Colleague: 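Quick one: the structure is below, and I'll ask about it shortly.
These numbers were taken from a predicted model, which means no experiment stands behind them. Note on naming: letters A, B, ... go to the chains in the order of the sequence lines (proteins, then strands), and numbering restarts at 1 for each one.
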Number of protein chains: 2
Amino acid sequence: MAVGKSSEAHSLKTFVNRLRLHSTLAERDVQALIELPWKFISRSQNTQLVRVGDLTGQCMVLVEGFVHRFRITEEGERQILTIYVPGDPINFEHLYLPLADDGLQVAKDCTLACVAQRDLHALLAAHPAIAEAVMRALLVDASIFREWTLNVGRRDARARIAHLLCEISVRLRAQGFDFQNTPIPLTQDQIADATGLTPVHVNRTLKVLSAERHVSRRGALVMLPDPEALRAVAGFDARYLHLSPWPRNDEPIA
Amino acid sequence: MAVGKSSEAHSLKTFVNRLRLHSTLAERDVQALIELPWKFISRSQNTQLVRVGDLTGQCMVLVEGFVHRFRITEEGERQILTIYVPGDPINFEHLYLPLADDGLQVAKDCTLACVAQRDLHALLAAHPAIAEAVMRALLVDASIFREWTLNVGRRDARARIAHLLCEISVRLRAQGFDFQNTPIPLTQDQIADATGLTPVHVNRTLKVLSAERHVSRRGALVMLPDPEALRAVAGFDARYLHLSPWPRNDEPIA
DNA sequence: TGCTATGTATAGCATAGGTTAAACCCACGT
DNA sequence: ACGTGGGTTTAACCTATGCTATACATAGCA
């Protein structure tokens, strides 16, 4: 049990790390965050975690595996809206808008840390620094959503796919994963749904990128041997991820 | 001067109204909000209010006219990411991420109410209800960004343009405008940039929609004579705008 | 009255990406 | 050892949308 506790605490470290990408948190804040009554659950591929219209009472953090967020057209066309990597809070917006407007689906067997919204609300009220960090994480997510609109609206298939792969590898690396050896966790169908393309066109385009040595394939897995070159293909500029220590122009608040 | 003050206070009413679309605010909260040291400015069409990379110190509310948010590809392709209508806060995310990741441009001569971020921060600290309302407004915006990704990624030109027009008319109506007589404040070029299409294809498609009586044109202005029919064309489901009184599943926080 | 600017309209041709359908591959379960 | 299912690959054909270029309309302005 002590072991269980400590390994669970460890698995929240990626979350703390994610918050610290954009915000500074004191040790006591981190402690309080970790000591919330988290519940850890595992879900297998394709499980639907949240459906459009659900009224949620929990907030979830992705600890391991992958989850994506999607919406569906009236005609049944699916669009993936973002892909979460370990450490990401995946539905903290439900703290303020508990009625889900997107679906959340497990893209690859995952484990999640869950808290009741009520407990989280209480924590945020007691720890303004955490509230601000959560806020900032949500706003960075919004910046990522906007980049996806740009990606889908204004880049051709090759740059579009390259951009998606760049983003994921950068975000994985920011969470401490070895991107050179971490395969991209997406099937071609999922890439299609994330880029607004067709699975067959994704296949064609991946073949091109592969011939150009911009991606390599180990079996079905896509790897990125040369991120720099791929960035050039994608026209990728990581600023929208707000990863570098950002400047502050605000004095401490009275 | 008293007159000036009172008309300025009046012009903030649309902002209060916007916040109240999603949140409940007590009168004293509203008072405090209105009494902030707002500065009112006018800007004419095509003025760039914020550039990518700017470090902002102000938050702005759109009082009159139209503003859009955009990003540009490395190749110089522009994508409009959202269109703001009167009453919308247009850059409140800079409270927490003051480094601008998008450009903001005046789409139609406008007037703006501006406050220093410092003053606003102080207000939010003193009035948690306002802080929550702002938060919620930002999260609704994020939901809109996601819908745009879906729109651009998964709808054909006709439904795409129709969807854009529906969204704007619904948001205008929510702010109290008479959508039947308010022309859509977009040139065909802007529609193209907002939908990821080409100006000439927008023109073609508008012609089709016009022949179908789904839009009408008074000179260069696009009007929506029959919003219901247009919604069917667009597959428009307004839930993502979170306009209806949303359900709450949270008890009052200790 | 005409000039310029900004936006709209149309035409003709080009192509990226969609569609359909069929094979293939391989990991897994029995 | 053999099917089964999820994912990948390829081919042939099709179309929605892009591209380039030119003409038109209107409003503001000298």
Colleague: Only pairs at least two apart or in different chains count here, so list each side chain to side chain donor-acceptor pair (under 3.5 Å) that has a residue in residues 226-240 of chain A.
Modeller: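 For residues 226-240 of chain A: A:Glu167-A:Tyr240, A:Asp237-A:Arg239.
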
Colleague: Starting at CG of A:Asn46, measure out to CD of A:Gln105 and round the result to the nearest 0.5 Å.
Modeller: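 Those atoms lie 5.5 Å apart.
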
Colleague: Do B:Asp101 and A:Arg146 meet the salt-bridge criterion of a basic N to acidic O distance under 4.0 Å?
Modeller: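 Salt bridge: yes.
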
Colleague: Please state how far atom CZ in A:Arg160 lies from atom C1' in C:dG17, giving the value in whole angstrom units.
Modeller: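 Going from A:Arg160 (CZ) to C:dG17 (C1'), I get 9 Å.
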
Colleague: Enumerate the side chain to side chain donor-acceptor pair (under 3.5 Å) contacts for residues 183-193 of chain A, please, sequence neighbours excluded, ordered by first and then second residue.
Modeller: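 Applying side chain to side chain donor-acceptor pair (under 3.5 Å) to every pair that reaches into residues 183-193 of chain A, excluding sequence neighbours, yields A:Gln188-A:Asn203, A:Asp193-B:Arg154.
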
Colleague: Under 4.0 Å from any atom of DNA chain C, heavy atoms only: list the residues of residues 149-157 of chain B that qualify, in numerical order.
Modeller: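 Here the set is empty: none.
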
Colleague: Between A:Phe40 and A:Leu12, is any pair of side-chain heavy atoms under 4.5 Å apart?
Modeller: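 Yes; the side chains approach each other to less than 4.5 Å.
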
Colleague: OP1, OP2 of C:dG7 versus side-chain N and O of B:Gln190: anything below 4.0 Å?
Modeller: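 B:Gln190 to C:dG7 OP1/OP2: no side-chain N or O under 4.0 Å.
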
Colleague: Just by distance, with hydrogens left out, do B:Ser143 and A:Arg71 show a side-chain donor and acceptor under 3.5 Å apart?
Modeller: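 The answer is yes; a qualifying pair exists.
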
Colleague: Please list, by residue number, the residues of residues 196-208 of chain A whose heavy atoms come closer than 4.0 Å to an atom of DNA chain C; answer none if no residue qualifies.
Modeller: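 By residue number: A:Gly196, A:Leu197, A:Thr198, A:Val200, A:His201, A:Arg204.
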
Colleague: Tell me which of B:Arg158 and A:Asn46 sits closer to the 5' end of DNA chain D, going by the nucleotide each one is nearest to.
Modeller: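 On the 5' side of the pair lies A:Asn46.
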
Colleague: Holding to salt bridge (Lys or Arg N to Asp or Glu O under 4.0 Å), I want the full list of residues that pass it with B:Arg160, two or more places apart in sequence or in another chain.
Modeller: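 For B:Arg160 there are no salt bridge (Lys or Arg N to Asp or Glu O under 4.0 Å) partners, ignoring immediate neighbours.
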
Colleague: Check every nucleotide of DNA chain D for an atom under 4.0 Å from a heavy-atom of chain B, then give the first and the last such nucleotide from 5' to 3'.
Modeller: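 Here the contact window of chain B covers D:dT17 to D:dT20.
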
Colleague: Please identify each residue that fulfils salt bridge (Lys or Arg N to Asp or Glu O under 4.0 Å) with A:Glu93, with sequence neighbours left out.
Modeller: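 Scan of A:Glu93 (salt bridge (Lys or Arg N to Asp or Glu O under 4.0 Å), adjacent residues dropped) gives A:Arg69.
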
Colleague: Using a heavy-atom distance cut-off of less than 4.0 Å, which residues of residues 65-76 of chain B contact DNA chain C?
Modeller: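 Output list: empty, so none.
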
Colleague: B:Glu212: which residues meet the side-chain hydrogen bond (donor to acceptor under 3.5 Å, both in side chains) condition with it, sequence neighbours left out?
Modeller: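 Checked B:Glu212 against side-chain hydrogen bond (donor to acceptor under 3.5 Å, both in side chains); matches are B:Arg158, B:His214.
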
Colleague: With a non-hydrogen cut-off below 4.0 angstrom, is A:Arg217 in contact with a base, only sugar-phosphate, or nothing?
Modeller: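 Sugar-phosphate only.
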
Colleague: What do the steps show when you test A:Phe15 against A:Tyr84 for ring pair (Phe, Tyr, Trp, His ring centres under 6.0 Å), and what is the final call?
Modeller: CA-CA 12 Å; A:Phe15 175 43; A:Tyr84 292 108; over 10 Å; no

Colleague: Residues two or more places apart in sequence or in another chain: which of them pass side-chain hydrogen bond (donor to acceptor under 3.5 Å, both in side chains) with B:Asn17?
Modeller: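 Listed in chain order: B:Gln175.
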
Colleague: Between B:Ile191 (CD1) and C:dG7 (P), how many Å, whole number?
Modeller: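 So the CD1-P distance, B:Ile191 to C:dG7, works out to 12 Å.
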
Colleague: Could you tell me the separation between the CG atom of B:Leu21 and the CG atom of B:Leu241, rounded to the nearest 0.5 Å?
Modeller: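 The CG atom of B:Leu21 sits 10.0 Å away from the CG atom of B:Leu241.
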
Colleague: Quick one: do B:Arg78 and B:Asp102 make a salt bridge, cutoff under 4.0 Å?
Modeller: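 No, B:Arg78 and B:Asp102 are not salt-bridged.
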
Colleague: To 10°, what angle do the rotation axes through the five end pairs on each side of the helix from C:dT1-D:dA30 to C:dT30-D:dA1 form?
Modeller: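 Answer for the end axes of this duplex: 30°.
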
Colleague: Can a donor-acceptor pair be found between the side chains of A:His163 and A:Glu147 at a distance below 3.5 Å?
Modeller: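 A:Glu147 and A:His163 do have a side-chain donor-acceptor pair below 3.5 Å.
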
Colleague: Apply salt bridge (Lys or Arg N to Asp or Glu O under 4.0 Å) to residues A:Asp109 and A:Arg43 and explain how you reach the verdict.
Modeller: CA-CA 6 Å; A:Asp109 293 6; A:Arg43 290 291 179 267; over 6 Å; no

Colleague: To the nearest Å, give me how far apart CD (A:Gln188) and P (C:dC24) are.
Modeller: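 It works out to 18 Å between those atoms.
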
Colleague: Going by side-chain hydrogen bond (donor to acceptor under 3.5 Å, both in side chains), name the residues that satisfy it together with A:Thr149, two or more places apart in sequence or in a different chain.
Modeller: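 Checked A:Thr149 against side-chain hydrogen bond (donor to acceptor under 3.5 Å, both in side chains); matches are B:Thr149.
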
